[in-house]
Amino acid sequence: MQPRTRLYTPIVVLLLSLCLLDVSSATWKRREDKTKCPKVKGIRNFDISEFLGSWYIVQYYASSEEALAYRCMRAELSISPESAEVTMNFTYSFTDDPINEQLVGNITWKIPSPELPAHWVHAEYPYEGVYNTYVLDSDYKSWALLMHCAEQSKSPRYLSSFIMSREPSLGANVISYLREKLPRYDIDLEYVFSMDQENCNKTESSELDMLLPPSVLARRNNATRKHPLKRKHRHV
């Protein structure tokens, strides 16, 4: 009987190995739901009063863009104590605008829970769907990391992220530290682009407007449709 037991041992090992492979394969086959926002936790013990004020956007990501369309993006954050709303007023230019016209945008969020002040929800009625914003990390004085995620039924989610600085530039080691936090939220670092913050004053020239191609003029005239943070998804 002893030799027979020895013959069974390799068979048992083989069967166990196959079971483990099946479990592993099932795990690898899982796919994240691309219509839902990832589970995110904002920064702990967040002091929103220290976070307010002026910021430069030094790196930018948007899941709908494979090239950077903007430059000179800057933000001013304020809060309304009465309504617990956070407002971001920002300026930006298009990278292909020869006169670097400064455009203005804004977005407002509500703070749904006073216990979680680093999580904001889009407050403006015209936006359809769920729009969450999280402060992922910040030292308040020099750098911060924001992530935005919008959901709408039957459409892919929209992800975007800002690496922000109190100054026009940020150290490479800090940028690397902040970028490393993004892949866990399904953000591809290949498309996290550096935002140019140099020569951000508008070029004054009425004659140049007359020389611009019609396509560039049309883009400038319809700039309000290109709001960097308000994305309305097309149903599929």
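Atom CG of Asp139 and atom CD of Glu50 lie 10.5 Å apart (nearest 0.5 Å). Taken to the nearest 0.5 Å, the CD1 atom of Ile107 stands 11.0 Å off from the CG atom of Asn89. To the nearest 0.5 Å, atom OG of residue Ser160 and atom CD1 of residue Ile187 are 8.0 Å apart. Note that CG of Leu116 and OH of Tyr134 are 9.5 Å apart. Values are rounded to the nearest 0.5 Å. The structure places NE2 of His119 at 13.5 Å from NZ of Lys41, a figure rounded to the nearest 0.5 Å. Going from atom CE of Met195 over to atom OG of Ser165 covers 13.0 Å, rounded to the nearest 0.5 Å.
Judged purely by atom type and a 3.5 angstrom limit, Ser138 uses its side chain to pair as donor or acceptor with the backbone of Trp143. At least one donor-acceptor pair closer than 3.5 Å links the side chain of Arg179 to the backbone N or O of Val192. For Trp55 (side chain) and Leu52 (main-chain N/O), no donor-acceptor pair under 3.5 Å exists by modelled atom type. One N or O on the side chain of Asn100 and one on the backbone of Asn199 form a donor-acceptor pair closer than 3.5 Å. Panel note: side chain Arg157, backbone Glu151; no donor-acceptor pair is recorded below 3.5 Å.
Ile57 places none of its side-chain heavy atoms less than 4.5 Å from the side chain of Phe90. Within the 4.5 Å cutoff, the side chain of Ile111 has heavy atoms near those of the Val86 side chain. At least one side-chain heavy atom of Leu159 sits less than 4.5 Å from a side-chain heavy atom of Pro38. Inter-residue side-chain proximity for Phe162 and Tyr56 is flagged as unmet; no heavy-atom pair is nearer than 4.5 Å. Considering only heavy atoms from C-beta on, Glu65 stays 4.5 Å or farther from Tyr191 through its side chain. At least one side-chain heavy atom of Leu145 sits less than 4.5 Å from a side-chain heavy atom of Leu182.
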For residues 72-81, which side-chain donor-acceptor pairs fall under 3.5 Å, sequence neighbours excluded?
| residue | atom | partner | partner atom | Å |
| --- | --- | --- | --- | --- |
| Arg74 | NE | Gln197 | OE1 | 3.3 |
| Glu76 | OE1 | Ser54 | OG | 2.4 |
| Ser80 | OG | Glu82 | OE1 | 3.2 |
| Ser80 | OG | Ser83 | OG | 3.1 |

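Legend: salt bridge (Lys or Arg N to Asp or Glu O under 4.0 Å) pairs involving residues 164-174, not counting sequence neighbours: none detected.
When Glu101, Gln102, Arg71 are each tested for a side chain to side chain donor-acceptor pair (under 3.5 Å) with Ser93, only one passes: Gln102.
Outside the 6.0 Å centre-distance limit, the rings of Phe193 and Tyr61 are not counted as a close aromatic pair. No close placement of the His148 and Tyr158 rings is indicated, their centers lying 6.0 Å or farther apart.
Taking the six-membered ring where tryptophan is involved, the planes of Trp120 and Phe46 are tilted, since the angle between them lies from 30° to 60°. Between Phe51 and Tyr140, the two ring planes are perpendicular [angle over 60°; tilted spans 30° to 60°].
Connection of Val121 to Val40 is not established within any shared hydrophobic cluster, with ILVMFWY side chains joined at heavy-atom distances below 4.5 Å, either directly or through further cluster members.
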